[in-house]
Amino acid sequence: MAQSGSISRRRWLVLGGAAVAVGGVGWFAADLGEAEPGRNRVRTDVAPLLRLFSAVGPLSDPHWLDYSPNDSGRELLPDQDPQLRVVGVAHLPEGSVAAVVGVPAFGFDHAEPTGRPKSLERFLPSEARWMHSAAFDVHVTNSRYQGAFYVDRTTDSLYFDAMNPVPLDGVQTP
């Protein structure tokens, strides 16, 4: 009798372990279906962007994200090399993009932004013909962080994608 009790207990342990494993696999598989876990909170506040990207001028109607691209949300320890990606789209005053694109030193060319987060796609103007300039990137970042800035003259839109941006006064805002 004692032996059948221990067999029964072992069966329950094995079955319980299998259930936990299957549940864990299901959770993991469900998580893989989400393209950007924890990265979908679209922000619309303009003040942090005005400080970070003051070189582009006044911004309005922003839709943007700020998140750590290395953070899956499951880490037990803090990231040893924290990163912050600030990516989004905003409007510039009417005619300002044409003025910036007209500066010969910037040398803008047509280019599509890459790596666009899915949660921002609905806020990007569908008719945009994006232009990019490495010299304009340096102008905005002052070579203090990595950033790519795309403009569209038709909609006076700015698409920005920056890693660890800092305002010119050196204080990080988002």
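Start at 1 with the first residue, then count along the sequence. Excluded from the calculations below are hydrogen atoms, water molecules and symmetry mates; all remaining heavy atoms, backbone and side chain alike, are included.
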Sorted by chain and number, sequence neighbours left out, salt bridge (Lys or Arg N to Asp or Glu O under 4.0 Å) with E94 holds for none
Looking at P167 and R144, what are the two nearest heavy atoms and their distance? O-NH1, 3.6 Å
Would you call V100 and F108 a side-chain contact if the rule is heavy atoms closer than 4.5 Å? yes
With a 4.5 Å limit on heavy-atom distance, are the side chains of V87 and L120 in contact? yes
Just jot down the ring pair (Phe, Tyr, Trp, His ring centres under 6.0 Å) partners of Y159, sequence neighbours excluded, or say none. none
Can you list, pair by pair, the side-chain donor-acceptor contacts under 3.5 Å of residues 129-137, counting residues two or more places apart and other chains?
{"unit_1": "R129", "atom_1": "NH2", "unit_2": "H110", "atom_2": "NE2", "d": "3.1"}
{"unit_1": "H132", "atom_1": "NE2", "unit_2": "D137", "atom_2": "OD1", "d": "3.4"}
{"unit_1": "H132", "atom_1": "NE2", "unit_2": "D137", "atom_2": "OD2", "d": "2.6"}
{"unit_1": "S133", "atom_1": "OG", "unit_2": "F106", "atom_2": "O", "d": "2.4"}
{"unit_1": "S133", "atom_1": "OG", "unit_2": "A135", "atom_2": "N", "d": "3.3"}
{"unit_1": "S133", "atom_1": "OG", "unit_2": "F136", "atom_2": "N", "d": "3.0"}
{"unit_1": "D137", "atom_1": "OD1", "unit_2": "F149", "atom_2": "N", "d": "2.9"}

Considering non-hydrogen atoms only, spot the tightest contact between L65 and P117 and give its length. CD1-CB, 3.7 Å
List the residues meeting side-chain contact (heavy atoms from CB on, under 4.5 Å) with L59, not counting sequence neighbours, and say none if there are none. V46, L49, L50, V56, A90, L92, L158
Suppose we screen for side chain to side chain donor-acceptor pair (under 3.5 Å). Which residues come up paired with T155, at least two apart in sequence or across chains? D152, S157
Do the side chains of L84 and S68 get nearer than 4.5 Å, heavy atoms only? no
Atom CG in L124, atom OH in Y150: separation rounded to 0.5 Å? 12.5 Å
Partners meeting side-chain contact (heavy atoms from CB on, under 4.5 Å) with P58 (sequence neighbours left out): P93
Test W64 against F123 for side-chain contact (heavy atoms from CB on, under 4.5 Å), laying out the working first. CA-CA 9 Å; W64 59 288; F123 301 109; over 6 Å; no
For the atom pair OG (S96) and CZ (R153), what is the distance rounded to the nearest 0.5 Å? 12.0 Å
Nearest 0.5 Å, what's the CG-OG1 distance between D161 and T114? 7.5 Å
Residue pair F53 / P165, side-chain heavy-atom distance below 4.5 Å: yes
Compute whether any side-chain donor of one residue and acceptor of the other, for Q146 and N164, lie under 3.5 angstrom apart. no
What's the shortest heavy-atom distance between V138 and S143, and which atoms? CG1-OG, 3.5 Å
Answer whether the closest heavy-atom distance between the side chains of V101 and V103 falls below 4.5 Å. no
Following the transitive rule for hydrophobic clusters with a side-chain heavy-atom cut-off under 4.5 Å over Ile, Leu, Val, Met, Phe, Trp and Tyr, establish whether V140 and V166 coincide in one cluster. yes
Using the rule given for side-chain contact (heavy atoms from CB on, under 4.5 Å), can you reason through H63 versus T44, listing the C-alpha separation, both sets of side-chain angles and the distance that settles it, and then say yes or no? CA-CA 5 Å; H63 293 91; T44 57; 3.7 Å; yes
Could you check if a side-chain atom of H91 sits within less than 4.5 angstrom of a side-chain atom of P62, using non-hydrogen atoms only? no
Residue pairs fulfilling salt bridge (charged side-chain N to carboxylate O under 4.0 Å, His left out) with at least one residue in residues 101-113, sequence neighbours excluded: E112-R116
